[in-house]
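First the structure, in the form of structure tokens, and then the observations on it.
Heavy atoms only: backbone and side chains are in, while hydrogens, waters and symmetry mates are out. Keep in mind that this is a model prediction, so the values were computed, not measured.
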Amino acid sequence: MSDPTPSHINQSGQIKSVSYDEFVKSLKASNPDFLVNAISSGLDNTSGKYSEAALDAGCSFFNATSSKTVTDKTKKAFETKGLMILGDDLMSQFGGTAFHRGMIDFMTNRGIKIQKAYQLDVGGNQDTMNTMAEEIREKKRSAKTESIAIEAPYPFKSTAGTTEYAEQLGESRVSYYWMEAKGFLGSTIEMDLSLRTNDSTNGCNVIVDSLRAAKHILTKKDLTKTDIISAYAFKNPTKRMHIRECIKSFEDAFLI
């Protein structure tokens with residue numbers, strides 16, 4: 001069962017429908033190493049069907065969307081066939097979440113006590129438009145907030161997520177950050193800044209790096225390092241690591 005097509009996508013005339021069997025047949029014919037899922041956020045059933053199609057066609061699966069496709073069950077199903085499933089929710093090279101996590105890691109390692117923080121994202125692409133549905137927005141906000149929270153060794157009040165669609169931004173995304181923290185002797189530290197990036201190209205190098213690493217371990221028939229790739233590339237992997245830890249683990253495993 002697939003998802004109903006969002007009205008704004010339907011109106012754009014970009015819809016091309018094929019049956020499940022036709023799609024699996026086309027995958028078998030092209031014989032890719034990976035199927036990369038980069039459809040709009042919130043299409044959870046469709047993402048699930050894409051992962052099933054990849055499995056039926058005998059190729060690995062890379063889920064760039066926020067839909068939850070990687071579970072113990074799906075990992076076992078792919079690994080039984082010598083394949084891998086990677087996900088979920090791509091974390092860009094230097095996007096809102098990566099920067100936020102890096103800043104929290106830096107501050108806590110310098111002895112700064114973070115008390116409150118928020119990250120508000122505004123974008124102009126189709127994925128941002130789709131995220132405006134309240135249920136999807138809340139799900140993505142939860143995933144981002146949990147991804148960021150891992151960087152501090154203590155709880156603090158935090159909110160992170162997409163707040164608005166602005167067509168004039170196009171492929172750009174603007175992230176607004178605010179943090180309140182305490183330094184030595186309780187001195188107040190407050191950070192208020194914005195970051196503007198290109199939403200699509202900002203994630204491309206992470207996809208390329210991850211697929212090259214994945215191809216390396218698929219060739220060696222060693223799937224024990226799958227979690228390292230997912231921790232490096234995604235906001236919501238099954239095994240979470242601190243941002244410095246996942247980068248170091250990725251470099252140690254794949255920089256030859």
Side-chain angles (χ1 to χ4, degrees), residues 2-3 23 27 32-93 95-98 101 127 130-131 136-150 160-162 199-200 202-218 222-243 245-247 249-250 253-254:
S2 59
D3 302 280
F23 184 63
L27 282 178
D33 291 316
F34 265 88
L35 170 62
V36 178
N37 179 35
I39 61 174
S40 291
S41 297
L43 303 179
D44 295 344
N45 293 330
T46 304
S47 292
K49 294 301 288 186
Y50 277 139
S51 69
E52 290 178 26
L55 187 62
D56 287 343
C59 66
S60 296
F61 187 70
F62 184 104
N63 181 40
T65 79
S66 58
S67 300
K68 190 61 182 171
T69 63
V70 183
T71 64
D72 291 339
K73 182 179 178 180
T74 56
K75 282 180 67 177
K76 184 176 180 180
F78 274 84
E79 289 175 359
T80 298
K81 290 190 173 184
L83 305 169
M84 69 170 63
I85 180 169
L86 298 172
D88 298 294
D89 204 356
L90 185 70
M91 183 167 62
S92 296
Q93 178 184 20
T97 301
R101 289 179 62 178
D127 186 63
N130 210 39
T131 304
I136 300 171
R137 179 161 46 178
E138 185 57 38
K139 186 182 295 183
K140 294 198 73 171
R141 180 182 295 138
S142 176
K144 282 187 177 183
T145 302
E146 289 175 10
S147 176
I148 290 161
I150 190 177
T162 301
D199 213 21
S200 55
N202 204 6
C204 288
N205 85 302
V206 178
I207 296 175
V208 172
D209 282 351
S210 300
L211 293 182
R212 289 177 66 190
K215 176 66 174 178
H216 175 71
I217 62 178
L218 282 170
D222 175 15
L223 301 179
T224 60
K225 297 176 182 177
T226 300
D227 285 339
I228 293 176
I229 301 176
S230 284
Y232 168 79
F234 300 97
K235 301 184 190 82
N236 191 24
T238 53
K239 181 181 178 182
R240 297 180 185 272
M241 298 183 189
H242 293 282
I243 193 160
E245 179 189 1
C246 67
I247 293 171
S249 295
F250 187 87
F254 302 111

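- Between F234 and F62, the ring-plane angle classifies as tilted under the 30° and 60° cut-offs.
- Inter-residue side-chain proximity for F78 and L223 is flagged as unmet; no heavy-atom pair is nearer than 4.5 Å.
- Of all non-hydrogen atoms in K68 and T238, the two that sit nearest each other are NZ-CG2, 4.1 Å.
- No donor-acceptor pair under 3.5 Å is formed between the side chain of T145 and the backbone N or O of S142.
- The shortest distance between side-chain heavy atoms of I229 and F254 falls below 4.5 Å.
- Taking the side chain as every heavy atom from C-beta outward, F34 and I207 never approach each other to under 4.5 Å.
- Side chains of I39 and S47 form a contact here, defined as non-hydrogen atoms less than 4.5 Å apart.
- Panel note: side chain K81, backbone L55; a donor-acceptor pair is recorded below 3.5 Å.
- Looking at S230 and V70, their side chains never come closer than 4.5 Å, going by heavy atoms from C-beta outward.
- At a threshold of 4.5 Å between non-hydrogen side-chain atoms, the residues L27 and P32 count as touching.
- Interatomic distance, CG of N205 versus CZ of R212, reported as 11.0 Å (0.5 Å rounding).
- Separating the CG atom in D56 from the CZ atom in F23 is a distance of 11.0 Å, to the nearest 0.5 Å.
- Distance check, rounded to the nearest 0.5 Å: CZ of R141 to OG of S66 gives 13.0 Å.
- Side-chain contact between L90 and T65: absent, with no pair of heavy atoms (C-beta onward) separated by less than 4.5 Å.
- Atom CG of D222 has more than 12 heavy atoms from other residues, nucleotides or ligands within 6.0 Å.
- Side-chain N or O atoms of K75 include none that pairs as donor or acceptor with a backbone N or O of M84 at under 3.5 Å.
- S147 places no side-chain N or O within 3.5 Å of a backbone atom of A143 that could act as its donor or acceptor partner.
- Counting heavy atoms from C-beta on, the side chains of T80 and K76 come closer than 4.5 Å.
- In this structure, T97 contributes its side chain and M91 its backbone to no donor-acceptor pair below 3.5 Å.
- No donor-acceptor contact under 3.5 angstrom links the side chains of N236 and D88, judged on distance only.
- Between the side chain of R101 and the backbone N or O of G96, no donor-acceptor pair lies under 3.5 Å.
- With values rounded to the nearest 0.5 angstrom, E52 atom CD is found 10.0 Å from F61 atom CZ.
- Atom CD1 of I85 and atom OG of S51 lie 5.0 Å apart (nearest 0.5 Å).
- Panel note: side chain T74, backbone T71; a donor-acceptor pair is recorded below 3.5 Å.
- Evaluated for a side chain to side chain contact (heavy atoms under 4.5 Å, CB included) with C59, the options L83, L35, D33 yield exactly one hit, L35.
- A54 and S60 make their closest contact through CB-O, 4.2 Å (heavy atoms, listed as atom of the first residue, atom of the second, distance).
- Rounding to the nearest 0.5 Å places CG of N63 at 8.0 Å from CG of D89.
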